[in-house]
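The structure under discussion appears below in the form of structure tokens.
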Amino acid sequence: QVQLVESGGGLVQAGSSLRLSCTASARTYSTNTMGWFRQAPGKEREFVSAISSPTGNTAYADSVKGRFTISRDNAKNTVYLQMDSLKPEDTGVYYCVAGLRRAATMTEYGYWGQGTQVTVSS
């Protein structure tokens, strides 16, 4: 069983930056893709970004393209999400995910972290 542990959330002002980190307890074929979803209060959970290994191919939601950058360090089993130019609408709980394929649907990811809160004030 793979465990995912997130860190890096917090409260920031609009226009600021945050970097989220997520470390997996093990590296298996089922963690070839790692990424992030988020859930704002009263809204459905939505895809944010994902990155595949070993290709390094990435995917982003349209709402974060050009502002967020995903990367991973395979030696550390860690994925990062650099979030710049944050907006109040980026507020939510951010969940780290791991799965076999890069996709924007929740069902593709078999492993989920507990979530880390990101709050962006206006």
Same apolar cluster: [X] and [Y], side chain cutoff 4.5 Å:
X: Ile51; Y: Val5; value: no
X: Val93; Y: Leu4; value: no
X: Val97; Y: Tyr80; value: no
X: Met83; Y: Val48; value: yes
X: Met106; Y: Tyr109; value: yes

Evaluate Ser52 against Arg102 for side-chain hydrogen bond (donor to acceptor under 3.5 Å, both in side chains), listing each step before the verdict. CA-CA 6 Å; Ser52 297; Arg102 191 176 72 254; 3.1 Å; yes
Donor-acceptor contact present, side-chain [X] to main-chain [Y], <3.5 Å:
X: Glu6; Y: Gln114; value: yes
X: Ser49; Y: Ile70; value: no
X: Thr78; Y: Lys76; value: yes

Work out which heavy atom in Leu86 is nearest to a heavy atom in Leu18; give both atom names and the distance.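 Shortest heavy-atom contact: CD1-N, 3.9 Å.
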Over all heavy atoms of both residues, which pair between Ala103 and Glu108 is shortest? Give the atoms and the distance, please.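 Where Ala103 meets Glu108 most closely, the heavy atoms are CB-CG, 3.4 Å.
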Test ring-ring contact (aromatic ring centres under 6.0 Å, His included) on Trp36 and Phe68; report intermediate values, then the result. CA-CA 11 Å; Trp36 300 88; Phe68 291 10; over 10 Å; no
Any side-chain donor near an acceptor of the partner, Ser17 and Asp84, under 3.5 Å: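 Yes, a side-chain donor-acceptor pair sits under 3.5 Å.
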Using 30° and 60° as the class boundaries, would you call the ring planes of Phe37 and Phe47 parallel, tilted or perpendicular?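 If you compare the ring of Phe37 with that of Phe47, the planes turn out perpendicular.
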Run Asn32 and Ser53 through side-chain hydrogen bond (donor to acceptor under 3.5 Å, both in side chains) and show every step you take. CA-CA 5 Å; Asn32 277 354; Ser53 178; 5.6 Å; no
Pairing of Lys87 and Asp90 as salt bridge, 4.0 angstrom limit: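 Result for this pair is no, no salt bridge flagged.
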Atom pair [atom1] ([X]) and [atom2] ([Y]), whose distance is rounded to the nearest 0.5 Å:
X: Ser71; Y: Asp73; atom1: OG; atom2: CG; value: 8.5 Å
X: Ser25; Y: Tyr111; atom1: OG; atom2: OH; value: 8.5 Å
X: Ser85; Y: Arg67; atom1: OG; atom2: CZ; value: 7.0 Å
X: Thr28; Y: Gln1; atom1: OG1; atom2: CD; value: 10.0 Å
X: Ser21; Y: Arg72; atom1: OG; atom2: CZ; value: 13.5 Å
X: Leu81; Y: Thr116; atom1: CG; atom2: OG1; value: 11.0 Å

Just do the side chain to side chain contact (heavy atoms under 4.5 Å, CB included) check on Val120 and Gln13 with the steps written out, would you? CA-CA 5 Å; Val120 184; Gln13 291 187 331; over 6 Å; no
Validate the cation-pi geometry between Arg45 and Tyr95: distance from NZ or CZ to the six-membered ring centre under 6.0 Å, angle to the ring axis within 45°.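 Cation-pi check for Arg45 and Tyr95: passes.
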Would you find more than 12 non-hydrogen atoms of other residues, nucleotides or ligands less than 6.0 Å from Gln39 atom CD?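 Atom CD in Gln39 is packed in, count exceeds 12.
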Using a cut-off of 6.0 Å, state whether more than 12 heavy atoms not belonging to Gln3 lie near its atom CD.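 Atom CD in Gln3 is not crowded, with 12 or fewer foreign heavy atoms closer than 6.0 Å.
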Test side-chain hydrogen bond (donor to acceptor under 3.5 Å, both in side chains) applied to Thr91 and Arg38, step by step: CA-CA 9 Å; Thr91 294; Arg38 69 184 181 188; over 6 Å; no
Mind checking whether Val79 and Thr23 have side chains closer than 4.5 Å, heavy atoms only?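 Val79 vs Thr23: side chains apart.
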